[in-house]
Amino acid sequence: MSRIQFDSVTKRYEADILAVDNFNLDIHDGEFLTLVGPSGSGKSTLLRMLAGLEEITEGEIRIGDTPVNRLPPRKRDIAMVFQNYALYPHLSVRDNMAFGLKRSTDLPAEEINERVREAAELMGIEELLDQKPKHLSGGQRQRVATGRAIVRDPAVFLFDEPLSNLDAKLRKHMRTELQRLQQTFETTTIYVTHDQEEAMTMSDRIAILDTGTLQQVGSPREVYNRP
Ligand code: ADP
Ligand code: ADP
């Protein structure tokens, strides 16, 4: 069953910037799909249209059978992790993690607290819950950003180069952590990266994008021609 369908999707910023050009792709339920391609090839734009942060110029994106245009962003059941983490600087880690749940559900405070505690435990950040983001290291911020996505228990995770601001050692460590999460939750995931090693080790399939056009899609083995 497919969870997300991009159907002839085109995105123009202003008249002359063609960011995504007639993009077609079905992403299966529970699949981990990695988008790779040079800077400016349209990867972020694809995620942002799916999440409702950008309008679609032409074509349609569907979640399940529903065109995303019919779903306000908060109803899309998607959690996105950004390269710069996008944490609210004035809120504690706890409140950063609870923010999306408070806004998009009417769960009682106790339930929200419990879910934040569980996600914090999963990410190993229980001791940081009362801290503000500015007191955290890059790796800790990354964990908070991922914890904030997990806490919502979404149908879809979107990761936009989540590890690219970390040093090589931490990047490798977090890659293993994210793989562990994927094995735990089997949530449908679209993951954007520049790192071939990440793409190779984490993905069910890899889609290669260039100047807004899908060049190739297949298993890591098919795409990189390696055993
Ligand atoms: P990637 O994520 O692969 O680096 P993007 O989706 O960010 O690519 O960008 C695709 C193209 O769209 C690039 O040419 C970029 O300059 C352009 N673009 C992205 N966002 C905007 C915007 N808000 N306004 C105008 N052009 C944009
Ligand atoms: P998410 O749904 O990914 O958990 P939120 O719902 O909290 O994120 O945030 C919604 C929007 O607000 C996103 O576009 C995100 O980039 C933006 N955002 C989040 N944190 C900040 C921040 N500290 N400053 C500016 N924008 C932010």
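Order of appearance sets the numbers: ligands from 1, and atoms from 1 within every ligand. For clarity, every value in this text was computed on a predicted model and none was experimentally measured.
Classification of Glu60 and Arg62 as a salt-bridged pair holds, one side-chain N sitting under 4.0 Å from a carboxylate O. A salt bridge does not link Lys11 to Glu58: none of the charged nitrogens lies less than 4.0 Å from a carboxylate oxygen.
Classification of the Phe159-Phe157 ring pair by plane angle, with boundaries at 30° and 60°, yields tilted.
Shortest contact from atom 23 (N) of ligand 1 to any protein heavy atom: Tyr13 CE2, 3.6 Å. Atom 2 (O) of ligand 1 has its closest protein heavy atom at Ser44 N, 2.8 Å. Nearest non-hydrogen protein atom to atom 12 (O) of ligand 1 is Ala19 CB, 3.3 Å. Here the protein heavy atom with the shortest distance to atom 3 (O) of ligand 1 is Lys43 NZ, 2.9 Å. The nearest protein atom to atom 8 (O) of ligand 1, hydrogens excluded, is given as Gly42 N, 3.0 Å; this is a heavy-atom distance. Of all protein heavy atoms, the one closest to atom 13 (C) of ligand 1 is Gly40 O, 3.6 Å.
Taking 4.5 Å as the limit, some side-chain heavy atom of Phe185 sits within range of a side-chain heavy atom of Leu122. Pro38 has its side chain within reach of Asp210: a pair of non-hydrogen atoms, C-beta onward, lies under 4.5 Å apart. At least one side-chain heavy atom of Arg148 sits less than 4.5 Å from a side-chain heavy atom of Tyr88.
When each of Glu126, Glu177, Glu127 is checked for a salt bridge (charged side-chain N to carboxylate O under 4.0 Å, His left out) with Arg143, only Glu177 meets the rule. Partner Leu33 forms a side-chain contact (heavy atoms from CB on, under 4.5 Å) with one of Leu25, Ile206, Thr189, Ile4 and no other, that one being Leu25.
Summarising the contacts of atom 9 (O) of ligand 1 with Val20, Thr45, Thr211, Leu46, the nearest heavy atom is found in Thr45.
Side chain to side chain, Thr188 and Glu31 fail the donor-acceptor criterion of an N or O pair below 3.5 Å.
The nearest protein heavy atom to atom 16 (O) of ligand 1 is not closer than 4.0 Å.
Considering both main-chain and side-chain atoms, Glu54 never comes within under 3.5 Å of ligand 1 through any nitrogen or oxygen pair.
Residue Ser41 has at least one heavy-atom neighbour below 4.0 Å for each of these atoms of ligand 1: 1 (P), 3 (O), 8 (O).
At least one heavy atom of Pro38 sits closer than 4.0 Å to an atom of ligand 1. By the 4.0 Å heavy-atom criterion, Ser39 is counted among the residues contacting ligand 1.
Here Ile17 has side-chain heavy atoms under 4.0 Å from ligand 1, and that is the only part of it that gets that close.
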